[in-house]
Engineer: 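The structure's right below; bear with me while I get my questions together.
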Amino acid sequence: MKSLKKIKRLPLIIGSFDSLHLGHKKLFNKAGNKFNILLIWTGLTKGKYLNNLMERIKNLDSTNYENLFVFDITKNNFCAKKFIEKYLIMINPSKIIVGSDFKFGKRLDGNINLLKQYFKVVTIKYNPQYQTNKIKQLYELGKINKANILLNHDITFKGKSIQGKQEGRKLGFPTINILLDRKNKIILLNGIYAGECIINNKSYKSAICIYKNNNDKQLIEIHCLNTKIKNNFYGKNIIFKLSKFINKFTYVNNTKQLKNIIQYNIELVNKYFDAKF
C-alpha cells in the first residue's frame, strides 16, 4: 500500500463488500472515473459470509479504483470518532460516498451526520432488496437465479479437484469432483444445479450436483454437458458458476435407479439451457 501522504485526493467508497451487488454499482457510478475504496474487514464474526478477504479484493478488481485500503476491525476496533481521526482524515478524500443507512465504529456509534462534520458526504438511498444478507439467504435457499439478478452476475466458486469413486464414469456420466470447504461461509442447498465449469479459460455448460454437509464441507460433482473432459487435473483449482437450482437429489444404492435419476436430472439441466439460449 502506498503511503497515505502520497494518495491522490479522490472520492472514497466505504463498505465490507462481501458481495458486489447492484447497490454497490450505484456507489461506483456516483464516484466517477476514479476513486479510492476502503474495505472494512470484520474477520471471523457471527454468521456466514460469501467471500473471504482475498476473494473480496479480487472482486473489487473489476471496478475503477485507484487505491484500496483494508481496515481490519479485529485489529483496530475503534470508536467512530477515532476511526475518523486515525484513518479517514489521513486518506483525506475529496468526498465520501456511502449508502443512506451507513453506520460505523466499535458500537456502530457513527453515522452520516458525524461524517458530515468532517467531510463532504454523498449518499445513495437505501434499497432493502440490495442487502448482502438477503442475497446470502437466497443462495442458502437455492434461489440462485434471484440472487444472481441482485448481484448482476452468476455466483462463482473455486475449489481443488479431487479423485472420487468414479461412480459417475461407470454409469456413463463422468464428473469432476471438488471438495468445497465452506468454513465460515454460507452452505449451499444440496441438489442439482445448472451452471458452468471453467477449465483452462474455457467455459462448459454443466450439470452440477451439490451434496453432503460434514464439518462445513460440501462435495461438488460437475458433469460437463455434450463434451468429454478427462479429469487429469487432480489437486488443481477448478472454477464453477451456478445459474439455477434445478432439482433435489436423492442418492440410491441401486445402480439402475441411480443411472435413471442422473439421466433425468441431466435432461432437466439441458432443458434449462435450451430455454435460456
Engineer: Can you label the angle between the Tyr211 ring and the Phe249 ring as parallel, tilted or perpendicular, going by 30° and 60°?
Structural biologist: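 Tilted, since the angle between the ring planes falls between 30° and 60°.
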Engineer: Grab the two heavy atoms, one from Asn247 and one from Leu268, that are nearest each other, plus how far apart they are.
Structural biologist: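 Distance-wise, the nearest heavy atoms are ND2-CD1, 3.9 Å.
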Engineer: To the nearest 0.5 Å, what is the distance between CG (Leu53) and CD1 (Ile57)?
Structural biologist: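 Reported value, rounded in 0.5 Å steps: 4.0 Å.
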Engineer: State, with a plain yes or no, whether a side-chain heavy atom of Val70 is found less than 4.5 Å away from one of Ile40.
Structural biologist: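 Side-chain contact under 4.5 Å: no.
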Engineer: Does the cation-pi check pass for Arg182 over Phe157, that is, NZ or CZ under 6.0 Å from the six-membered ring centre and within 45° of its axis?
Structural biologist: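 No, Arg182 does not lie over the aromatic ring of Phe157.
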Engineer: Does a side-chain heavy-atom distance below 4.5 Å link Phe104 with Asn111?
Structural biologist: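 Not touching, per the 4.5 Å side-chain cut-off.
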Engineer: How many angstroms lie between CG in Asn133 and CG in Leu138, if you round to the nearest 0.5 Å?
Structural biologist: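 Here the rounded value is 11.0 Å.
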Engineer: Can a salt bridge be assigned to the pair Asp109 and Lys103 using a cut-off of 4.0 Å between side-chain N and carboxylate O?
Structural biologist: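 So Asp109 does not pair with Lys103 through a salt bridge.
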Engineer: Looking at every non-hydrogen atom in both residues, tell me the closest pair between Leu258 and Leu171 and how far apart they are.
Structural biologist: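 Result for this residue pair: CD2-CD1, 3.8 Å.
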Engineer: Can Asn190 and Gln218 be counted as having a side-chain donor-acceptor contact under 3.5 angstrom?
Structural biologist: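 The criterion, which ignores hydrogens and geometry beyond distance, is satisfied for Gln218 and Asn190.
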Engineer: If you measure from CZ on Phe28 to OG on Ser62, what distance do you get to the nearest 0.5 Å?
Structural biologist: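 Phe28 atom CZ to Ser62 atom OG measures 7.0 Å (nearest 0.5 Å).
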Engineer: Answer with yes or no whether the side chains of Asn148 and Tyr139 bring together a donor and an acceptor at under 3.5 Å.
Structural biologist: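 The criterion, which ignores hydrogens and geometry beyond distance, is satisfied for Asn148 and Tyr139.
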Engineer: Closest heavy-atom contact between Cys197 and Cys224?
Structural biologist: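 Here Cys197 and Cys224 meet closest at CB-SG, 4.1 Å.
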Engineer: Does the side chain of Lys158 reach to within under 4.5 Å of the side chain of Ile178, using non-hydrogen atoms?
Structural biologist: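 They are not in side-chain contact.
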Engineer: Supply the atom-to-atom distance Leu50 CG to Thr156 OG1, rounded to the nearest 0.5 angstrom.
Structural biologist: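 The distance works out to 11.0 Å.
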Engineer: Within the structure provided, determine whether Thr175 and Ile220 are in side-chain contact (heavy-atom separation under 4.5 Å).
Structural biologist: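 No, side chains not in contact.
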Engineer: Would you say the side chain of Ile14 lies within less than 4.5 Å of the side chain of Leu88, judging by non-hydrogen atoms?
Structural biologist: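 Yes, at least one pair of side-chain atoms sits under 4.5 Å.
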Engineer: Run the side chain to side chain donor-acceptor pair (under 3.5 Å) test against Tyr65 and tell me which residues pass, sequence neighbours left out.
Structural biologist: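 Scan of Tyr65 (side chain to side chain donor-acceptor pair (under 3.5 Å), adjacent residues dropped) gives Asp61.
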Engineer: When the ring planes of Trp41 and Tyr49 are compared, do they come out parallel, tilted or perpendicular, using 30° and 60° as the limits?
Structural biologist: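 Trp41 and Tyr49: perpendicular rings.
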Engineer: Given 3.5 Å as the limit, does a donor-acceptor pair link the side chain of Lys136 with the main chain of Lys48, or not?
Structural biologist: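 Indeed, once roles are kept as given, a pair shorter than 3.5 Å links the two residues.
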Engineer: Quick check against the 3.5 Å criterion: does His223 have a side-chain atom that pairs as donor or acceptor with the backbone of Pro174?
Structural biologist: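 Answer holds: yes.
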Engineer: Locate the shortest heavy-atom distance separating Ile97 from Pro11; write the atom from each residue and the value.
Structural biologist: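 Smallest heavy-atom distance, with atoms named: CD1-CB, 4.1 Å.
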Engineer: Rounded to the nearest 0.5 Å, how far does CG of Asn52 lie from CG of Asp18?
Structural biologist: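 Between atom CG of Asp18 and atom CG of Asn52 there are 9.5 Å.
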Engineer: Just by modelled atom types, is the Ser16 backbone N or O under 3.5 Å from a matching donor or acceptor in the Arg56 side chain?
Structural biologist: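 It does hold such a pair.
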Engineer: Can you see which heavy atom on Ile112 is nearest to which on Gly99, and at what distance?
Structural biologist: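 Heavy atoms only, the tightest pair is CD1-O, 3.5 Å.
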Engineer: Got more than 12 heavy atoms from elsewhere within 6.0 Å of NZ, Lys143?
Structural biologist: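 It does not: Lys143 NZ has 12 such atoms or fewer within range.
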Engineer: Compare every heavy atom of Val269 with every heavy atom of Ala194, then report the nearest pair and how far apart it is.
Structural biologist: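 Looking at all heavy atoms of both residues, the closest pair is CB-CG1, 3.9 Å.
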Engineer: Any heavy-atom pair between the side chains of Ser243 and Tyr272 that's under 4.5 Å?
Structural biologist: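 Contact flag for Tyr272/Ser243 side chains = yes.
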Engineer: I'd like to know if the side chain of Asn29 and the backbone of Lys25 have a donor-acceptor N/O pair within less than 3.5 Å.
Structural biologist: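 It does hold such a pair.
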Engineer: With a 4.0 Å cut-off on N to O distance, would you call Glu55 and Lys185 a salt bridge?
Structural biologist: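 Here Glu55 pairs with Lys185 in a salt bridge, since their nearest N and O are under 4.0 Å apart.
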Engineer: Could you pull out all residues at least two apart from Ser19 that satisfy side chain to side chain donor-acceptor pair (under 3.5 Å)?
Structural biologist: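 Ser19: side chain to side chain donor-acceptor pair (under 3.5 Å) contacts with Thr132.
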Engineer: What's in the same ILVMFWY side-chain cluster as Ile198, cut-off under 4.5 Å, chained through other members?
Structural biologist: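 Taking Ile, Leu, Val, Met, Phe, Trp and Tyr as members, Ile198 shares its hydrophobic cluster with Ile239.
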Engineer: For Phe71 and Phe78, run ring pair (Phe, Tyr, Trp, His ring centres under 6.0 Å): C-alpha distance rounded to whole Å, both residues' side-chain angles, the deciding distance at 0.1 Å, then the answer.
Structural biologist: CA-CA 10 Å; Phe71 183 83; Phe78 296 162; 5.7 Å; yes
Engineer: Compare all side-chain heavy atoms of Asn36 with those of Leu68 and state whether any distance is below 4.5 angstrom.
Structural biologist: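 Not in contact.
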Engineer: Mind checking whether His24 and Tyr130 have side chains closer than 4.5 Å, heavy atoms only?
Structural biologist: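 In short, these two side chains do not touch, never coming nearer than 4.5 Å.
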Engineer: Just verifying a value: how many Å separate Lys241 NZ and Lys205 NZ, rounded to the nearest 0.5 Å?
Structural biologist: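 NZ of Lys205 is found 14.0 Å from NZ of Lys241.
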Engineer: Just by distance, with hydrogens left out, do Glu196 and Ser206 show a side-chain donor and acceptor under 3.5 Å apart?
Structural biologist: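 On atom types as modelled, these side chains do not qualify, holding no pair under 3.5 Å.
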